[in-house]
Amino acid sequence: MTYLYYPGCSLKGTGRGYEESLLAVFDALQLPWAEVKDWNCCGATAYMAVDEVKAFTLAARNLAIAREQGGETAQVIAPCSACYLVLCKAQHVIHDAPEIGARITDALGAAQLTYGPRVQVRHPLDVLINDVGTERLAAAATAPLRGRRVACYYGCQMVRPYATFDDQYAPTSMDRVLRAMGAETVDWPLKTRCCGGTLTGTIEDVGLRLNYILLREAKKRGADAIATACPLCQFNLECYQDKISAVYGASRLPVLYFSQFMGMALGLSEARLGIQRNFVPLAAAV
Amino acid sequence: MSDGTFQPRIVAFFCNWCTYTAADLAGISRMSYAANVRVVRLMCSGRLDPQFVVAALRQGADGVLIGGCHPGDCHYQVGNHKALRRFTLLKRLLGQLGIEDERVRLEWIAASEGDKVQRVINEMVAQVRALGPLGLTAIPRPHGEAAAVPPCCAE
Amino acid sequence: MSKPKVGFYWCASCGGCEEAIVDLAADILGVVAAVDIVFWPCAMDFKRADVEAMADGEMAVCFVNGAVRTSEQLEMAELLRRKAGLIVAFGSCAHTGGIPGLANLYSREGVLAAAYDAAFATVNPEGMRPQTEYAAPEGTVTLPELHETVKKLDQVIPVEYYLPGCPPPVKLITGALGAILEGTLPPKGSILAPEIALCSECPRKDSKPEKLDFTAFKRPHQIIADPALCLLAQGLLCLGPSTRAGCDAPCITGNMPCTGCGGPLEGTKDLGTNALSAAASVLEATDEASIAVGLAEVPDPAGAFYRYSLPASLLYAKKGS
Amino acid sequence: MATLGPNQGDAVRIGVYICHCGINIAGKVDVADVTQFAASLPGVVVARDYKFMCSDPGQELIQQDIREHGLNRIVVASCSPLMHEATFRRAAAEGGINPFFFQMANIREHVSWVTADKAAATEKSRALVAAAVSRVGGHEALERQRVAVKPDVLVVGGGIAGIHAALTLADSGKTVYLVEREPTIGGHMAKFDKTFPTLDCAACILTPKMSLVRQHPNITLWTYAEVADVSGYVGNFSVTVRRKPRYVIEDRCVGCNACVEACVFKEGKFADEFNYGLAKRKPVYMPFPQATPSVVLIDPATCLHFKTGKCKQACKAACERDAIDFDQRDELVEIEVGAIVVATGFQPFDAERVPEYGYGQYPGVYTSLEVERLVNASGPTGGEITLRDGRVPKAVGIIHCVGSRDHATNKYCSRVCCMYSLKLAHLVKERTGAEIYNFYIDMRTPGKGYEEFYDKLLEEGVHFIRGRAAEVTDWTMTPDEEGKLVIRAEDTLIGAVRRIPVDMVVLSVGLEAQADAGEVRRLFNISCSHEGWFLERHPKLAPVSTFTDGVFLAGACQGPKDIPDTVAQAGAAAAEAMALIDKGYVELEPNTAFIDEERCSGCKTCIAMCPYSAISFIADARVARVNEALCKGCGTCVAACPSAAAQQHLFTDDQIFDEIAGVLSYV
Amino acid sequence: MSDGQMPRKITYEADLDPHFAEEIAASARGEQLFQCIQCGTCGGACPVSPYMDLTPRRIIAMTRAGYKAEVLKSHTIWLCASCYACTVACPKAVRITDVMYALKQRAIRDGVYPKRFPVPVLAREFFQGVLTTGRNNELPLLIKMYLKTNIFKMLGQAVMGLRLFLTGRIGLKQERIAARRGEKGDLRTIMAAVDRGAPAKGGPSQ
């Protein structure tokens, strides 16, 4: 079975390193994938603030296309937390609110698309833990991440409110994956505390404070880097570090996608994993 | 009620221990629901003779609801299993005779599930209302003076 | 004193009931000796005009077999009703609708389409249908009209007595004739057959266990039935428990299960669902999945339980037909 | 004694009575219309409506009409038959007709209370009355079978509810079997230090009752035992009790603890169940010093002898009375009882199910029951309130409603947590002087002296923050939070989010039905609510009865309740059981099946239907026959009988067909 | 507060909108709104609540009471970062995040959001952009947002923008999806069909 990769807008832009590393990891683990053809934006959080039905229709179009491409039970991989949440949420709404569901399926029908209720939306961590398994991961780690102390940061929308593959407050899937790759992960209570999402771009002072709290606590718990599973989390935590330092005086901490760490453990080059795109060099981790 | 919408008639057969009690609980809890269902109390869903179902349909019911204890909870151990066997075969037979699936329904409703009584009744009334009257083909009667009515279909 | 006049007529039927009269064999001579047969189109050359010529009530008794589906059958039934003092619904079709009654599972148009369009050997590109009237050069030709549904006899005319069976067993026919001649008929409306189920006279009754433990029904072609053991105990759907006795179980003697031609017992409101209840009850299965498996080989419950009685059932016919 | 009424052949003369039930029915149903309609039905001689049919004058009305109008059938349209069928049958009987010439139409629970529209309610009432009238004409005169009641009582569960019920029954001279699955009676109450709001010592009021149970000549106490099977019916239950092996002969052990001291484990090594793991015990142990019976037991899961077979059995050697028996096995005991009191109690909510409060993750987070043990003078710390690291807390947060009032856990209020949280707040403050913060949604103190207790706590300077705590974490923002647990909550009265650093968090866990309530329920053939609490027959009028006659409920197995309510209910359950037994007999509902042998073809279809083996095949007559003493009246055989030969009294085919015709005859 | 005059803090029933709560509950599929017991778990769980003028709990209370004007102009609804912490923590299963979305939609519809407050502008621009191209293009989106809100702030972001450009994390090219009008899966056809299928004006059906 081929996983249908739904990149979403960010993995083609600010989150390019996520796409590069994740697909490299999938290849290295021999997980077959194909990009969803002609996908569109999931709608993200902003869309729901304007028109809810259109937001879910946008998301549902992707699921309809995936169904066309991969059949009734196609498996869509949504690495971006926002995409993952929105696609899941659209499925829930279509199922739970039949009147909205009917409008959406009718609208898709107008463009000759059929909504696929059985298409599965999955996060790559779900695939890595449940389809691959930590034993296989550990076996594949040719350059294990020994000596690295990573704080796994899951962010909010990956586990809340729809994910069923991990705990909503204290998730462990990323920790298990990175531990299988040889890293040490630090236990910290802020794994799912929000990074502020788009607030960092809109109401900067609020966003900076939220990210400062996360960076400070990760460092306090002895982490030498943070691993994320969401392009917006990575962007907020990493690209604003200069500003955060300017306001709060904190020192710097590299923030990588979990897939970049995995790629390193699998022996892939930093360039292939997009690590050079980061503002805070990995070397900053001492 | 008299606004011209079709008001289906539904006969319900509820077992004394679970579903009838649940319907009482719905009452005690003042859970308002559609008034179209009239309950006939049986001691156990195992008492339900499929003839009761077709008799109700023939006599003007647009739907029949059967309520029993959840499997494993029968007050008489396994009466509801028997009800399920008969119901399964009856449903197939009724389907062959053009009677829509929604019209005859079996639900396991425990004594504590007053809310389920409410939900199931409202749901079923809406479904049967959407289907419209049952509309069984009328049974013909002989012209002329009424002679002996054969006992097999005396009504 | 003149011999009582007797008539025989067939409506929608297979002719088996006529055979049953012939099966009286030597006894038929006794019948002929005792009564005056004034109408029997199947065996003797009588015409409708002969009946019309009779005075009302002239015939003492008329045995009518077959169900009623056409305008001709209806007219004849009504005519015979006028001419006969007693009408005996003879055989399953007249009694409860019989095999022809299963056509009530389909609409009239469905039946016609099956015969005139869909049948394998039919070529009918114009979609022709039988006409009730046709202007031929020789004059107008008429055909009886096919009714929407099949009716049992007492749904078109009042009936005094019923002789169940497909066809009625010789024993019952003889008994009925005797009762007519001796004037020992039971009250009108009676079924001239024993008031008990077939199990009571089944040759295998002693082999039936108190608890059947089959988990799935089987069909006769799927097993080689033990010729001595109760067929239900072998998982075959035998309607003996819910069917009126009187036939001495020839089918079971022939190692085939009872299919219910004897019709319903007193106290039965609806033969099919009554038989269904008994049959489904004894199946050893408790959860939905195993019940579905157990009932898989009853693929046509309407056909199985209403084989001879759909027009007599509370449901009468498929909805909308 | 049942009175026989007119013969079947007599003309049916029906009286119909429509009850207003105050405004319960009349407020929704046009009773005058229904009465008028009833009067028009065939066979109805008189139809009346009345304010309260179940009242004395209401019943008298029926009896007067029976006399004056020669009624021989009665229909009452009022509440549920489960509520007042017995009342009206009795009224009919006292009026001189057979009590089963009666039918009830339920126009309250099934109509007026559940129907929004008045016209619809009236129409539905007409239909139900028509059905009852249609059916009652075909009713037959029946007699109840009278069966003697077994005089003994089984009490299941040895917490305060079971103890109180058992003592009450035993004091009245009944023989009581008290079965408790733990090695000692006492239940949860035995773990408490003080009880609210009086702050009297739990042990001081409980342990005397425990020893009374042990000594009472009328009580047979089986601890470490479970009910394995129950059969029979009201007044005549057969019960099998399984006594689990404690590997100590109960009659020989005097509780001297010499074996415990002699055990090869020099120190306690295994989590002590009684103290929720806050203390350690040995494989051979006394559950707690006041355990009743005062008999030790051996835990085979930890005992070296059972695990390896290589123990030198120091315990056995140490016992002067040779009470230790490693070969003990399960023992099954059969008893016959007339009534059963189920008092199986509750289990505390598992705090790990609310991960945001950090139980099991942060050592400073405790459940309320653990704190009960900490404050208890006979507890693992001797009543010293110290944290797991030995520190005395300076600030304590008590989080209410853990596992209560939450759709994700339990929707209901556990009723006791506010009060015990106040009690613990008082005790902890008294012993440590710590600052105490209560995080609550609503303070619920409705009980005698309860609000006064709350007032006292307010005076003592305990902090009350009206807001459900969102999380307990150990990440810090300010220097004073360092090394502390931080509770984050919105103080809703202020409208601000607060972070409060504390040393100890107490989770006020709610009460839940026992994990095996579902199995226990099946054992006794009683019902459970959604949440697993045993369902009482009527929430107000039959709060200790169940839908199975002869089985009564006591204590928290029926729903969360505090000690005073538990004891009151236990007394009530005991009284109900006594009333049943002292009457000496029960009258069985005559809804049994029977077979018309004329119609029976001997097809045996019915025989396999019966779960009670009440039907047998009579070979000579080639018919089936029902043993009405064994028949419980489900009617499953009747529905299966293809000859209409099997019928059920009160539910014959004809009666049900008449009722169906009746409900459908409305306009 | 003008000279000598105390602000009035009483609400007359006539000042409130009695239908507001039902409208919001319906559009958020939030019948649970009426189940709220004001326990404050949402505010306690919310990482952004310290910055809100009204805690989420108060938003719900005021929505239920009909304080439409106050609720729609509050910063709270625009500060909600959609992290769903409140929603999963709520003991009464109120979908607080969805209630916030419903309030945002309502505020945009009624045009009462703070004009220079960038969040609603971002949402609207994002919406338009995706409708046109099918994709979100981060750079043009941000430029538009800053142009419409605070042009000086954009200058402050220039350094970061340059770095993103240099690391290949933003581009100038507009991404768009291939499906064009009339083709299978065409986005405009779909969105036009959504509009056609919309219930008659006045918000959600029923």
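Naming convention: chains lettered A, B, ... in sequence-line order (proteins, then strands); numbering from 1 in each chain.
At a 4.5 Å heavy-atom cutoff, A:Ile104 makes no contact with chain E through either its backbone or its side chain. E:Ala192 does not touch chain A: none of its heavy atoms, backbone or side chain, sits under 4.5 Å away. With a threshold of 4.5 angstrom between heavy atoms, A:Ile65 does not approach chain E through any atom at all. At a 4.5 Å heavy-atom cutoff, the contact between E:Ile108 and chain A is made by side-chain atoms alone. Using a 4.5 Å cut-off between heavy atoms, A:Lys37 makes no contact with chain E at all. Using a 4.5 Å cut-off between heavy atoms, E:Leu166 does not touch chain A at all.
Residues A:Glu204 and A:Tyr240 bring no donor and acceptor atom of their side chains to less than 3.5 Å of each other.
With respect to the salt-bridge test (charged N to carboxylate O, under 4.0 angstrom), the residues A:Lys191 and A:Asp167 do not qualify.
At least one test fails for A:Arg103 against the ring of A:Phe56: distance under 6.0 Å to the centre or angle within 45° of the axis. In this structure, A:Arg216 fails the cation-pi test against A:Tyr248, since its NZ or CZ atom is not both closer than 6.0 Å to the six-membered ring centre and inside 45 degrees of the ring normal.
Of the candidates A:Arg272, A:Lys12, A:Arg277, A:Glu20 forms a salt bridge (charged side-chain N to carboxylate O under 4.0 Å, His left out) with just one, namely A:Arg277.
Among the residues in residues 42-52 of chain E, those with a non-hydrogen atom closer than 4.5 angstrom to a non-hydrogen atom of chain A are E:Pro47, E:Val48, E:Tyr51.
Most heavy-atom pairs under 4.5 Å with chain E: of the set A:Arg193, A:Arg16, A:Arg61, this distinction falls to A:Arg61.
Judged purely by atom type and a 3.5 angstrom limit, E:Asp17 has no side-chain atom pairing as donor or acceptor with the backbone of E:Gly66. Distance alone, capped at 3.5 Å, is enough to place a donor-acceptor pair between the E:Thr76 side chain and the E:Leu54 backbone.
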Original post:
What do the steps show when you test A:Ser10 against A:Tyr18 for side-chain hydrogen bond (donor to acceptor under 3.5 Å, both in side chains), and what is the final call?
Top reply: CA-CA 9 Å; A:Ser10 293; A:Tyr18 194 4; over 6 Å; no
